[in-house]
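First the structure, in the form of structure tokens, and then the observations on it.
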Amino acid sequence: MISLSGNQDHIPVLISQILETIKPIGGVWIDGTFGAGGYAKAFLESGADFVIGIDRDPDTNVYANALKSLYPSKLVFVNENFSNLKNVANKLGFGGVNGIVLDLGISSMQIDSTKRGFSFRYDSPLDMRMSKTGKTAAEVVNQLSESELSDIFFKFGEEKKSKAVAREIVKARKSQQIVSTFDLVNIISRVVKGNRLSNIHPATRCFQALRLYVNGELDEIEKALLATKRILFHGGLLVVVSFHSLEDRIVKNFMRNSSQSKPQPNRYLPIFESERAPFKIITKKPIVPSDYEQSRNPRSRSAKCRIAVRIECEDSHKKKMGQL
Ligand SMILES: C[S@@+](CC[C@H](N)C(=O)[O-])C[C@H]1O[C@@H](n2cnc3c(N)ncnc32)[C@H](O)[C@@H]1O
């Protein structure tokens with residue numbers, strides 16, 4: 001592991017396989033999910049000329065400062081949402097970039113924190129906000145209606161008992177506000193029972209759902225993916241690592257749809273630039289962790305990496321990017 005602080009804060013997932021697939025690495029990269037800086041450091045060590053690090057969590061600044069001290073002229077870090085990656089790069093003076101990497105979800109520092117409410121394993125304030133701004137998970141469960149809560153658990157957690165959980169929350173909060181992770185775990189556990197065959201905690205799906213909702217995670221991914229098309233140079237790479245099916249579905253569909261040309265109305269007509277597919281998929285099948293990586297880092301278990309390359313850029317795009 002690439003450790004900046006001397007301890008294993010967050011083990012970067014799939015990094016060797018990613019670097020092997022996309023080498024040689026060079027030019028300007030955006031790391032939209034900086035975390036502990038493991039990916040950014042690996043990209044810089046592997047030949048990236050410059051990395052724009054982005055993370056919405058202010059707690060990651062300490063890791064950014066540590067990496068900046070190693071690469072003072074090759075790294076800039078911005079506390080932002082990655083959906084703004086194009087604006088961030090433009091504001092820094094970059095009209096285009098050679099690669100973008102998104103390692104989705106939350107870091108080990110976040111899930112292992114005993115204060116931030118991401119984990120049902122620790123009793124802590126029910127917060128879950130990556131950016132430490134906006135509505136907390138506690139405000140969500142205390143303020144939203146029963147049907148809104150049920151929709152969240154169903155849509156973002158695929159929780160079969162979403163309605164019953166929402167009903168139990170509304171009943172419980174009438175006598176006492178829900179303030180801690182364990183308050184919520186107790187309520188969920190009254191409705192969702194553990195399964196002897198799987199060791200999935202009964203609160204897993206509802207906690208995932210609340211986290212995705214509180215942080216608008218799926219919207220963020222959709223917006224960021226759309227922005228990649230407008231900021232990647234011709235030949236630029238898009239690397240996305242996802243950890244659950246809801247994330248991966250968005251990435252897979254985006255890459256699939258963006259790698260298919262729109263059908264030509266008439267085969268004798270020239271293909272208009274705007275109808276050409278903007279990406280070509282490099283990973284026919286997603287890259288997944290080896291048995292060795294999974295045993296070394298069980299958190300890598302569900303990771304899937306998809307990679308695509310920006311192609312068929314319109315001449316206007318190339319001109320804007322200085323590639324013509
Ligand atoms: C899995 S960790 C990345 C770990 C990193 N690759 C490393 O090697 O240390 C995901 C990080 O992305 C950040 N993040 C998640 N969604 C984000 C968003 N929409 N905008 C900016 N940062 C986001 C989280 O705060 C977290 O630090």
Side-chain angles (χ1 to χ4, degrees), residues 33 35 55-60 79-84 102 104-194 200-224 242-250:
T33 49
D55 203 296
R56 58 175 19 177
D57 186 341
D59 284 0
T60 56
N79 258 148
E80 251 299 352
N81 289 335
F82 59 50
S83 55
N84 280 331
L102 297 174
L104 301 172
I106 52 175
S107 66
S108 294
M109 293 79 75
Q110 289 165 331
I111 190 82
D112 291 338
S113 162
T114 53
K115 297 192 182 102
R116 301 195 58 182
F118 288 109
S119 172
F120 43 74
R121 286 183 292 133
Y122 312 113
D123 197 12
S124 81
L126 189 57
D127 189 317
M128 294 197 187
R129 298 166 304 164
M130 291 183 192
S131 65
K132 303 193 178 181
T133 60
K135 261 192 192 212
T136 64
E139 286 171 311
V140 170
V141 293
N142 285 302
Q143 293 171 3
L144 265 53
S145 70
E146 187 176 319
S147 69
E148 286 169 326
L149 288 172
S150 161
D151 285 351
I152 290 171
F153 297 135
F154 187 71
K155 186 170 163 200
F156 298 127
E158 297 175 319
E159 173 54 65
K160 289 195 188 85
K161 302 234 168 114
S162 57
K163 283 190 177 151
V165 173
R167 199 176 315 124
E168 198 65 22
I169 286 175
V170 170
K171 195 167 109 194
R173 76 189 186 192
K174 278 188 187 138
S175 47
Q176 203 168 15
Q177 290 274 291
I178 301 157
V179 293
S180 73
T181 47
F182 278 12
D183 286 347
L184 186 61
V185 168
N186 289 335
I187 295 167
I188 295 169
S189 304
R190 294 206 280 266
V191 180
V192 184
K193 299 293 168 206
I200 292 179
H201 189 284
T204 305
R205 283 183 290 273
C206 290
F207 265 62
Q208 173 190 297
L210 265 180
R211 196 199 89 205
L212 291 188
Y213 178 80
V214 164
N215 296 289
E217 287 181 47
L218 302 186
D219 277 354
E220 274 288 307
I221 299 170
E222 278 176 9
K223 285 184 189 151
S242 63
F243 288 85
H244 56 76
S245 57
L246 296 176
E247 289 172 346
D248 185 53
R249 200 174 303 154
I250 296 174

Review point. Is the closest side-chain heavy-atom distance between F207 and L184 below 4.5 Å?
Key: yes
Review point. At what distance, to the nearest 0.5 angstrom, does CD1 of I169 lie from SG of C206?
Key: 6.5 Å
Review point. Between atom CD1 of I111 and atom OG of S119, what is the distance when rounded to the nearest 0.5 Å?
Key: 4.5 Å
Review point. Can you pull the salt bridge (Lys or Arg N to Asp or Glu O under 4.0 Å) pairs that have at least one residue in residues 200-216, sequence neighbours excluded?
Key: E159-R205, R211-E217
Practice item. Taking side chain to side chain donor-acceptor pair (under 3.5 Å) as the test, write out the residues that go with Q208, two or more places apart. Key: none
Revision key, fill the gap. Rounded to the nearest 0.5 Å, the CG atom of N186 sits from the CD atom of E168 at a distance of 11.0 Å
Review point. Sub-3.5 Å donor-acceptor pair from the side chain of N215 to the main-chain atoms of M130, do we have one?
Key: yes
Study note, to complete from the structure: Taking every heavy atom of A166 against every heavy atom of S150, the minimum-distance pair comes out as CB-N, 3.6 Å
Point to revise | Under the side chain to side chain donor-acceptor pair (under 3.5 Å) test, residues paired with S175 that sit two or more places apart | key: none
**Study point:** Any L104 side-chain heavy atom under 4.5 Å of F82 side chain
**Key:** yes
Check your understanding: Quick one: does M128's side chain get under 4.5 Å of Y213's, heavy atoms only?
Key -> no
Study note, to complete from the structure: With sequence neighbours left out, the residues meeting salt bridge (Lys or Arg N to Asp or Glu O under 4.0 Å) with D151 are none
Point to revise | Minimum heavy-atom distance between E80 and N84, given as atom pair plus value | key: OE1-ND2, 2.9 Å
Check your understanding: Can you find a pair of side-chain heavy atoms, one from I152 and one from V140, that are under 4.5 Å apart?
Key -> yes
Practice item. Check for a donor-acceptor pair, side chain of T181 on one end and backbone N or O of S124 on the other, with a separation under 3.5 Å. Key: yes
**Study point:** Side chain to side chain, L212 and L246, heavy atoms closer than 4.5 Å
**Key:** yes
Check your understanding: Distance from R129 atom CZ to D57 atom CG, nearest 0.5 Å?
Key -> 11.0 Å
Check your understanding: Do the non-hydrogen side-chain atoms of V185 and H201 ever get within less than 4.5 Å of each other?
Key -> yes
Check your understanding: Do the side-chain N and O atoms of S245 and D248 include a donor-acceptor pair separated by under 3.5 angstrom?
Key -> no
Check your understanding: How far apart are the C-alpha atoms of E247 and I250, what are their side-chain angles, what is the distance that settles it, and do they pass the side chain to side chain contact (heavy atoms under 4.5 Å, CB included) test?
Key -> CA-CA 5 Å; E247 289 172 346; I250 296 174; over 6 Å; no
Practice item. Over all heavy atoms of both residues, which pair between V192 and K161 is shortest? Give the atoms and the distance, please. Key: CG2-CB, 4.2 Å
Check your understanding: Atom OG of S83 and atom CD of E220: how far apart are they, to the nearest 0.5 Å?
Key -> 3.5 Å
**Study point:** salt bridge (Lys or Arg N to Asp or Glu O under 4.0 Å) contacts in which one or both residues fall within residues 132-141, not counting sequence neighbours
**Key:** D59-K132
Study note, to complete from the structure: d(L210 CG, L126 CG) to nearest 0.5 Å is 6.5 Å
**Study point:** Donor-acceptor contact present, side-chain D127 to main-chain G117, <3.5 Å
**Key:** no
Practice item. Without swapping roles, check the side chain of S113 against the backbone of Q110 for a donor-acceptor pair under 3.5 Å. Key: no
Point to revise | Within 6.0 Å of NZ in K115, more than 12 heavy atoms from elsewhere | key: no
Practice item. Indicate the atoms forming the closest heavy-atom contact of S131 with P58, along with that distance. Key: O-CD, 3.7 Å
**Study point:** Over all atoms of both residues, closest heavy-atom pair of R190 and K193
**Key:** O-NZ, 3.5 Å
Exercise for review: Locate the shortest heavy-atom distance separating A164 from V191; write the atom from each residue and the value.
Suggested key: CB-CG1, 3.3 Å
Exercise for review: May I ask you to decide whether D112 forms a salt bridge with R121, counting only side-chain N to carboxylate O separations under 4.0 Å?
Suggested key: yes
Check your understanding: What pairs of residues pass the ring-ring contact (aromatic ring centres under 6.0 Å, His included) test when at least one of them lies in residues 124-183, not counting sequence neighbours?
Key -> none
